[in-house]
Amino acid sequence: MKFEAATIKDIAIALGLSTSTVSRALRDSHEISIATKQLVLEYATRINYHPNPIALSLKEKRSRSIGVIVAEIANSFFSQAINGIESVAKDKGYNVMISQTHESFDKEVMTLQYLASRSIDGLLISVSSGTENLDHLKALHERGFPIVFFDRIVEEIQTHKVMVDNFRGAYDATLHLINKGYKHIAVIAGPENLSISRERIAGYREALAQTRVKPGKALIKYSRYAGLQLQEVEQAVSQLLKLRPRPDAIFTASDKLTTNCMRVLKSKGIRIPQDIALVGFSNSDLIELLHPPLTVVRQPAFEMGQIATSLLLQLIESKKPVKEFERKILNTNLIVQASS
């Protein structure tokens, strides 16, 4: 038997009222008596009536839905950011449609086209590692479509942006290794086209510069897929292990890079931290259960999701075109444990 949702017409027939009376009663119109409102609301509750979202969106010219595009939902950072996004969206009466790119530019373009076709009111996006051409985003933005970037931002589009202090997070992690006596510190970061990769490499370089150490190019490795593909991390680690002198510490600049680097080092029989220390960005809740527990740079992902959503809803609900945009930079937190 096919399910059919209850309608205003069903309520009107059951109660012997006109559909316009039922509609006004459900909207709490002053034109309808309290007794009639109570009668309609009680019956609507009993038959599990809910307003038709498509009809509402046509009336309000708004779907009350926002789109979210991230690299990977299974990534601890993004899952926590999504929780923050949904917490604000739910309170404001918005639904959230979530898609993941798996670090593919083509998937990002297709996903954006799909979400736009579903008449979302706005978009929160952390671009994929393969995103260099921004035409798909610029086309929507130039038509006045509300977009807010978080985590992986792009400078070329003028809108709200929410991120962490990537430079400081990397600086603190590298300085921690220096203060622990490590001399040959390597770094594995995401692709150079991402602003977060460039900022984290800059923080790493600055910390070394404080001790008048200039890192050789061989100590800096980039990962096209930001650690999502294990073989790419294996290749970077293998290249580092061939260096002489061999690195005595590795700083990894993203969640996936950190966990996969640890996996590769262990598979090669490298002891952490006795042979090579490891410090990296990670929002995993399991770092204390690993052996050894990881020293990590933790990001306020939940808060980032909340702030980005609040800024997006401001754009969506603004009565006038918004011309002044905010750039929110949140602090990271270095959690020191046994891996360093």
Expected output: side-chain Ser33 to main-chain Thr36 donor-acceptor under 3.5 Å: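 Yes.
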
Please examine the side chains of [Y] and [X], heavy atoms only from C-beta on, and report whether any two atoms are closer than 4.5 Å.
| X | Y | value |
| --- | --- | --- |
| Glu108 | Val127 | yes |
| Lys221 | Gln239 | yes |
| Asp10 | Tyr49 | no |
| Leu278 | Leu294 | yes |

Check this for me: does any side-chain nitrogen of one of [X] and [Y] sit under 4.0 Å from a carboxylate oxygen of the other?
| X | Y | result |
| --- | --- | --- |
| Arg327 | Glu155 | yes |
| Lys37 | Asp28 | yes |
| Arg263 | Glu234 | no |

Step by step, would you call Leu134 with Leu137 a side chain to side chain contact (heavy atoms under 4.5 Å, CB included)? CA-CA 5 Å; Leu134 302 175; Leu137 292 164; 4.2 Å; yes

Just wondering, more than 12 heavy atoms not from Arg24 lying within 6.0 Å of its CZ? yes

Run the side chain to side chain contact (heavy atoms under 4.5 Å, CB included) test on Thr174 and Leu208 for me, step by step, so that the C-alpha distance in whole Å, both residues' side-chain angles and the decisive distance to 0.1 Å come before the verdict. CA-CA 7 Å; Thr174 308; Leu208 291 177; 4.2 Å; yes

Taking the ring of Phe149 and the ring of His141, is the distance between their centroids below 6.0 Å? no

Test Ile185 against Ile178 for side chain to side chain contact (heavy atoms under 4.5 Å, CB included), laying out the working first. CA-CA 8 Å; Ile185 304 169; Ile178 293 169; 3.7 Å; yes

Cationic tip of Arg200 above Phe281 ring, under 6.0 Å, 45° of axis: yes

